[in-house]
Amino acid sequence: MALRTSPEVGGMGHSIKRKEDPRFIRGKGTYVDDVELPGMLYLDIVRSPHAHAKIKTIDIAKAMAVPGVLAVITGQDLAKYNLHWMPTLMSDTQMVLPVEKVMYQAQEVAGVLATSRYAAADGMAAVEVEYEPLPVVVDPKKALLPGAPVLRTDKKDKKDNHIWHWEWGDKAATDRTFAEAGVTVKQDIYIPRIHVSSIETCGCVAHFDKVNDKLTVWMTTQAPHAIRTVFALVAGHVGLAEHKIRIISPDIGGGFGGKVPVYPGYVIAVAASVLTGKPVKWIEDRMENLQADSFARDYHITAELAAKKDGTLTGLRIKTLADHGYTDAAANPSKFPAGLFHVCTGSYDLKAAHVEVDGVYTNKPPGGIAYRCSFRVTEAVHTIERMVDLMAHQLGMDAAEFRMKNFVKPEQFPYRSALGWEYDSGNYGAALQKAMDRVGYAELKREQAEKRKRGELMGIGISSFTEIVGAGPSKHFDILGLKMFDSCEIRIHPTGKAIARFGTKSQGQGHETTYAQILAEELGIPAKDIQVEEGDTDTAPYGLGTYASRSTPVAGAAAAMAARKIQDKARKIAAHLLEAAPEDLVWEPGKFSVKGAPDTFKTIQDIAFAAYTNHPQGMEAGLEAVSYYDPPNLTYPFGSYIAVVDIDKGTGEVKIRRFVAVDDCGNIINPMIVEGQIHGGLTMGLAPALYEEITYDEIGNIQGGSFIDYLVPTAVETPNWETDKTCTPSPHHPLGAKGVGESATVGAPVAIANAVVDALWHLGVRHVDIPITPPKIWRLLRDKGVNE
Ligand code: CDP
């Protein structure tokens with residue numbers, strides 16, 4: 001994209017430094033735990049050691065005797081106000097605090113309120129709960145067997161652990177492609193339960209001001225407006241009306257989807273503040289965060305792919321069990337219980353596809369959150385990219401050549417997929433070719449052949465993913481009925497400086513910089529002169545928040561549209577000042593000049609001043625605009641990643657020698673920020689590929705509840721990412737931009753998995769589930785007779 005503004009103005013395409021960084025690198029950010037209010041109380045939470053157990057008694061006497069402890073809040077207390085249960089984002093129900101039984105290990109059992117954090121922790125340890133263990137269901141397959149204990153006994157008519165069945169696509173047509181196929185492949189794929197592990201855990205400070213009847217909550221939330229509405233709907237009957245609720249989402253240390261749900265701790269803190277009239281702070285510790293907050297993935301997939309003998313792909317068939325824990329608390333758009341999993345035909349021109357997903361209850365924490373992912377697109381990409389690789393290997397074709405043959409071609413866009421999505425634009429072959437050139441694909445293939453002769457294990461893995469971001473067109477996308485538009489409100493001050501507020505909320509992505517750049521591009525006001533604010537429901541326009549890489553596609557577009565409204569009014573003011581007809585003026589970022597007389601002009605700063613001092617008679621004063629943008633379509637960023645791995649035969653360790661990532665997110669606002677997003681995303685993709693997984697033993701004990709055994713990669717494990725790009729603008733986005741935040745997390749794990757299988761294919765290995773740990777590979781090699 002050609003630059004239209006100078007580096008001083010800093011519009012689109014300039015790698016200007018992040019405006020938020022001076023406060024972050026000086027340790028001057030304001031996170032929830034930095035909020036201190038006079039008279040503040042502290043909340044700690046008693047959690048269940050059992051995965052499924054009746055609560056017989058809760059004895060609070062010893063806790064109440066701890067100096068500083070003021071109250072212990074139980075489910076019985078909340079039940080008096082009908083606040084012991086609350087809705088999930090998928091219209092299921094979840095407990096705030098239990099009255100009868102607990103359903104997963106680390107579930108909230110009671111809240112302890114005290115004058116200091118330490119007293120609250122001591123009080124928490126002194127609460128005595130008597131449990132009666134119940135049979136535990138951990139495996140979703142066993143959960144569906146006849147005779148399995150029914151977990152949701154609170155649902156009167158529920159006779160099993162099945163939550164919902166959802167299917168999409170043309171089953172008959174898909175079955176026909178399989179009946180007529182020259183070759184088919186079938187594979188079970190498990191995408192394990194993982195956790196976002198953001199640097200900052202969750203927490204809030206709730207302050208109910210009894211004088212003004214106003215509740216203010218500083219809260220780690222990615223979607224403050226939606227939270228305000230949910231609070232008003234759930235607690236309206238106890239007097240919390242929406243105009244009396246203010247949610248402030250201050251600086252956030254990483255969200256990645258984990259800070260979209262409403263956790264019980266938030267609600268207990270609010271209830272405690274409403275009851276006491278005092279501010280109440282609740283901050284999770286790391287183990288609570290890892291053990292009890294919403295998880296991601298946990299999809300048990302069986303996939304089949306059909307092709308003609310010449311390697312032309314024809315059909316895809318998928319059946320999946322989605323383990324949702326004890327409640328379906330996924331943050332999906334309501335129409336799609338399996339999120340956007342049905343983008344699983346990926347980058348390939350398949351004629352028919354059919355997907356079935358069944359949601360299942362187990363004794364685990366709730367979830368199905370979109371971990372840096374557009375509502376299950378990671379699961380979709382992992383499946384199709386694994387299957388395409390399997391088919392290429394099965395046919396004895398080169399994996400890159402096979403993809404090139406089957407890609408949706410540039411001239412097919414806009415392209416309607418077999419499962420109904422309309423892809424906006426793409427050039428998949430160009431991205432893959434660039435990645436191949438960059439990595440030296442042909443030379444690597446030669447090296448691999450040589451090494452194989454010597455018995456060395458080297459693999460080359462490709463992932464050519466298509467993403468789907470920017471939820472969304474409101475005709476298809478809502479959360480709890482709230483349509484998924486987003487917003488921007490701009491006010492230009494008389495001296496030509498501006499403030500812009502948004503319905504989204506950055507968690508580290510750099511919105512204060514990139515939104516200012518969009519406005520700089522559209523208005524010619526330097527980005528440094530534009531203050532961007534998000535996250536305060538009393539000031540920002542209503543929006544659905546930041547997750548699933550929707551900020552640029554939706555709120556970024558709202559910024560451009562609001563700026564264009566300002567430009568329209570500015571033209572009229574300029575015409576008045578220049579004594580010319582509005583249509584005789586020419587706009588370039590930052591000024592209107594008279595057609596044919598480029599030296600006769602007014603700058604946006606002149607116009608801003610005139611908007612308050614010398615505006616035309618009959619025109620309202622001021623220069624401001626708001627846009628609520630409802631995108632006509634999603635955006636479909638894409639990329640091709642190539643991983644080169646060497647496997648140590650002695651230890652089973654997978655070493656990533658090279659990783660080349662070519663991304664395409666259309667027009668780029670800030671190349672440096674996009675590169676940072678991709679670096680971070682790739683590392684978050686490496687994590688589940690090789691290290692991270694949460695498992696449970698047969699009685700529901702979490703195995704991975706601390707960083708001792710939940711292995712988040714550090715700089716030591718992280719390879720040198722080599723990044724590059726192609727640019728295929730979105731035809732419907734006002735700036736031609738697509739989202740990018742999650743692309744790398746979505747695309748990276750399967751490139752690594754494919755590289756590992758490629759290294760082991762000649763030994764008869766067809767698939768390895770992630771995380772690909774040294775013991776897993778070591779055992780495989782032992783079984784294949786490669787090591788002892
Ligand atoms: O919703 P979220 O901010 O997580 O994701 P995003 O819209 O993909 O944006 C992530 C960051 O990359 C933001 O600072 C964007 O403004 C920036 N970005 C960009 O500079 N150019 C693009 N084409 C897409 C995103």
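In listed order, ligands and their atoms are each counted from 1. These figures come from a predicted structure and were not determined experimentally. In what follows, residues are counted from 1 in the order of the sequence shown.
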Hey, does [X] come in under 3.5 Å of ligand 1, counting only N/O atoms on both sides?
X: Val740; value: yes
X: Pro553; value: no
X: Thr514; value: yes
X: Gly739; value: no
X: Thr546; value: no

task = Can you label the angle between the Trp421 ring and the His342 ring as parallel, tilted or perpendicular, going by 30° and 60°?
result =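 Tilted, since the angle between the ring planes falls between 30° and 60°.
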inquiry  = Check the orientation of Phe707 and Tyr710. Use parallel for under 30°, tilted for 30 to 60°, and perpendicular for over 60°.
reply    =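 Correct class here is parallel.
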Is the distance between the ring centroids of [Y] and [X] under 6.0 Å?
X: Tyr542; Y: Phe502; value: no
X: Phe477; Y: Phe336; value: yes
X: Tyr371; Y: His195; value: no

query = How many angstroms lie between atom CD of Glu467 and atom OG1 of Thr745, to the nearest 0.5 angstrom?
reply =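 Glu467 atom CD to Thr745 atom OG1 measures 8.5 Å (nearest 0.5 Å).
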Just to confirm my output: which protein heavy-atom neighbour is closest to [atom], and how far is it?
atom: atom 15 (C) of ligand 1; value: Thr552 OG1, 3.3 Å
atom: atom 3 (O) of ligand 1; value: His511 NE2, 2.7 Å
atom: atom 2 (P) of ligand 1; value: Ser551 OG, 3.5 Å
atom: atom 19 (C) of ligand 1; value: Val674 CG2, 3.3 Å
atom: atom 21 (N) of ligand 1; value: Ile669 N, 3.1 Å
atom: atom 5 (O) of ligand 1; value: Ser549 CA, 3.4 Å
atom: atom 24 (C) of ligand 1; value: Lys738 O, 3.1 Å
atom: atom 20 (O) of ligand 1; value: Asn670 N, 3.0 Å

request  = Apply the test salt bridge (Lys or Arg N to Asp or Glu O under 4.0 Å) to residues Arg193 and Glu692: give CA-CA distance (whole Å), side-chain angles for both, the deciding distance (0.1 Å), then the verdict.
outcome  = CA-CA 9 Å; Arg193 176 175 281 243; Glu692 294 178 1; over 6 Å; no
request  = With Arg403 as the cation and Phe407 as the aromatic partner, state whether NZ or CZ is under 6.0 Å from the six-membered ring centre and within 45° of the axis.
outcome  =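 Cation-pi check for Arg403 and Phe407: fails.
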task = Using the six-membered ring of Phe256, assess whether NZ or CZ of Arg372 lies under 6.0 Å from its centre and within 45 degrees of the ring axis.
result =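 Judged by the rule (NZ or CZ under 6.0 Å from the ring centre, within 45° of its axis), Arg372 is not positioned above Phe256.
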Under 4.0 Å from a heavy atom of [X]: give me the atoms of ligand 1 that qualify, with their elements.
X: Gln677; result: 10 (C), 11 (C), 12 (O)
X: Arg550; result: 1 (O)
X: Ile668; result: 21 (N), 23 (N)
X: Gln509; result: 2 (P), 3 (O), 4 (O), 11 (C), 13 (C), 14 (O)

Residue Lys335 excluded, over 12 heavy atoms near NZ under 6.0 Å =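 Correct, the count exceeds 12.
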request  = Could you walk me through whether Arg18 and Glu512 pass salt bridge (Lys or Arg N to Asp or Glu O under 4.0 Å), step by step?
outcome  = CA-CA 8 Å; Arg18 296 185 1 141; Glu512 286 169 50; over 6 Å; no
message = Below 4.0 Å, non-hydrogen atoms only: which portion of Asn667 touches ligand 1? Side chain, backbone, both or neither.
response =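 It is the backbone that gets close, since no side chain atom is under 4.0 Å.
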query = Closer than 4.0 angstrom: is that true for some heavy atom of Gly666 and an atom of ligand 1?
reply =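 Outside the 4.0 Å threshold, so no.
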request  = Give a yes or no on whether a salt bridge exists between Asp424 and Lys738, defined as a side-chain N under 4.0 angstrom from a carboxylate O.
outcome  =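 Salt bridge present between Asp424 and Lys738.
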